[in-house]
Amino acid sequence: MKAKKVLFITQEIVPYMEESEMAHSGRALPISAQDHGREVRIFMPKWGIVNERRNQLHEVIRLSGMNMIINDTDHPLIIKVASMQGSRLQVYFIDNDDYFMKRMMEKDENGEEYKDNGERAVFYTRGVLETVKKLRWCPDVIVCQGWIGTLVPFYIKTLYSEEPSYRDTKVIYLNEAFELTKEIGKELIDSIYHKNLPADVIESVRKEHYTYTDLLQMARDYADGIILGSPNIKEETKALFTESGKPVMEYPGADDFEEKCIDFYDAIYSIGKEEQEEN
């Protein structure tokens, strides 16, 4: 059974960001999915270092204008879009003055990690999922990537579990050789909080401080499958996923990576589907 609609929630994509392992997979995997006949949507943060003029970004008025309430504060959601060079794909960008405009990715100009990275991840995740709802598009599989995508599996399986757009969606977390080094403060739990999340769900993920490993564990615990997308992932991080009992696709090598990912999307999407159809 094929995953016909695949949503990519990425951290970075070439050419909008400088070349990196993550930026290359952020571009290559959606193109490969489309080449295999899949319907694709792509989202990325509009980091302050993305050159809007050079990359011809423009605001999508019909999708913008929503306010995301985080920590009892309204944060306007701005949606921009651009055509990915050398492909037939569009990239939707999540923007906001507080979290992304004039700000870099995880670190500032002095190399210090932003204290509100967890809050930024919450805003990005909910911004993407709310925008996809407005598009009236129901993904079969979501592939989420990077530190800013670690909360996607949690939200899909909790806050958005009964949403028609995501009720049958499978979530795959793509892990690569990257990590945050500083702890994320306890304010993350206040950012995660939402009135429609049961108290026991909030308590199950509450910590005094969150490390990057804690975020990866949340991604692992709520994801339906894991892709190890790099040969350079630390052994302890690999073990965190491979010993979890979740389906894991280990890195097969650069030549086979995109092709194996397509097969993995389909395998994860098929889990439980045959039984549902029979019933």
Side-chain angles (χ1 to χ4, degrees), residues 7-12 20-26 29 105-107 113-114 117-122 124-125 128 141-161 169-189 191-192 200-254 256-258 260-261 263-265 267-269 271-272:
L7 170 62
F8 292 89
I9 303 179
T10 63
Q11 181 165 304
E12 47 193 290
S20 69
E21 184 178 67
M22 197 177 297
H24 278 293
S25 64
L29 293 180
M105 288 200 294
E106 74 279 2
K107 297 177 182 178
E113 291 179 6
Y114 293 109
N117 277 338
E119 193 170 322
R120 297 167 84 202
V122 170
Y124 177 58
T125 298
V128 172
V141 165
I142 295 174
V143 181
C144 48
Q145 170 213 53
W147 65 266
I148 203 158
T150 51
L151 298 177
V152 173
F154 169 78
Y155 274 115
I156 286 292
K157 301 300 182 180
T158 57
L159 183 61
Y160 291 87
S161 62
T169 301
K170 301 289 186 177
V171 191
I172 296 171
Y173 182 70
L174 170 62
N175 181 251
E176 289 159 289
F178 171 90
E179 59 183 58
L180 298 174
T181 58
K182 288 192 174 182
E183 288 186 341
I184 297 172
K186 62 183 179 181
E187 66 272 6
L188 176 61
I189 200 67
S191 305
I192 288 175
D200 61 329
V201 171
I202 291 292
E203 288 304 313
S204 71
V205 296
R206 182 183 296 277
K207 291 179 180 291
E208 188 67 20
H209 294 280
Y210 294 80
T211 65
Y212 185 54
T213 299
D214 291 327
L215 294 180
L216 292 181
Q217 287 174 341
M218 282 185 68
R220 175 202 66 190
D221 291 346
Y222 287 91
D224 296 292
I226 307 294
I227 293 174
L228 300 180
S230 170
N232 303 314
I233 299 171
K234 290 181 178 180
E235 288 302 319
E236 54 265 36
T237 304
K238 279 187 184 180
L240 184 147
F241 294 116
T242 57
E243 297 174 6
S244 67
K246 295 290 181 77
V248 175
M249 186 192 108
E250 298 210 37
Y251 186 69
D256 297 327
F257 183 56
E258 287 92 10
K260 294 292 186 183
C261 283
D263 294 339
F264 193 70
Y265 307 156
I268 295 300
Y269 180 63
I271 294 174

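Source: prediction; values computed, not measured.
Considering only residues two or more places apart in sequence or on other chains, P247 meets the side-chain contact (heavy atoms from CB on, under 4.5 Å) condition with F264, I268, I271. Every residue meeting the ring pair (Phe, Tyr, Trp, His ring centres under 6.0 Å) condition with F154, not counting sequence neighbours, appears here in chain and number order: Y222. Judged as a side-chain contact (heavy atoms from CB on, under 4.5 Å), and not counting sequence neighbours, the contacts of T169 are P139, I142, Y166.
The nearest pair of heavy atoms linking P231 to E21 is CD-OE2, 3.8 Å. Closest approach of E113 and K107 over heavy atoms only: CG-CG, 3.9 Å. The nearest pair of heavy atoms linking E119 to L188 is N-CD1, 4.3 Å. Looking at every heavy atom in both residues, E12 comes nearest to M105 through OE2-CE, 3.6 Å. Scanning both residues, C261 and I227, for their nearest heavy atoms gives SG-CD1, 3.9 Å. Heavy atoms only, all atoms of each residue included: A121 and L151 are closest at CB-CD1, 4.0 Å.
Contact check for L174 versus L29: side-chain heavy atoms found under the 4.5 Å cut-off. Using a 4.5 Å heavy-atom threshold, the side chains of V171 and V152 count as touching. Residues D224 and I172 form no side-chain contact, since every pair of their non-hydrogen atoms from C-beta on lies 4.5 Å or further apart. Contact check for L228 versus T242: side-chain heavy atoms found under the 4.5 Å cut-off. No side-chain heavy atom of M249 sits under 4.5 Å from any side-chain heavy atom of Y265. You'll find the side chain of E236 stays beyond 4.5 Å of the side chain of T213, heavy atoms only. Between I189 and K207, every side-chain heavy-atom pair lies at or beyond the 4.5 Å cut-off. With a 4.5 Å cut-off on side-chain heavy atoms, V128 and F8 do not count as touching.
Taking the six-membered ring for Trp and thresholds of 30 and 60 degrees, Y160 and Y155 have ring planes more than 60 degrees apart, a perpendicular arrangement.
Distance alone, capped at 3.5 Å, is enough to place a donor-acceptor pair between the Q11 side chain and the W147 backbone. N117 places a side-chain N or O within 3.5 Å of a backbone atom of Y114 that can act as its donor or acceptor partner. Between the R220 side chain and the L240 main chain, a donor and an acceptor come within less than 3.5 Å of each other. The backbone N or O of M22 lies less than 3.5 Å from a partner atom in the side chain of S25, making a donor-acceptor pair. At distances below 3.5 Å, not a single donor-acceptor pair connects side-chain atoms of K157 with backbone N or O atoms of A223.
Put simply, CD1 on I9 and CD1 on I156 are 6.5 Å apart, with the number rounded to the nearest 0.5 Å. Going from atom OG of S244 over to atom CD of Q217 covers 10.5 Å, rounded to the nearest 0.5 Å. We find the CE-OG distance between M218 and S204 to be 7.5 Å, quoted to the nearest 0.5 Å. To the nearest 0.5 Å, the span separating OH on Y173 from CG on L215 amounts to 8.5 Å. The line from CG of N175 to CD of Q145 is 10.0 Å long, rounded to the nearest 0.5 Å. Put simply, CD1 on I148 and CG on L180 are 10.0 Å apart, with the number rounded to the nearest 0.5 Å.
Other residues, nucleotides and ligands contribute only 12 or fewer heavy atoms inside 6.0 Å of the NZ atom of K260.
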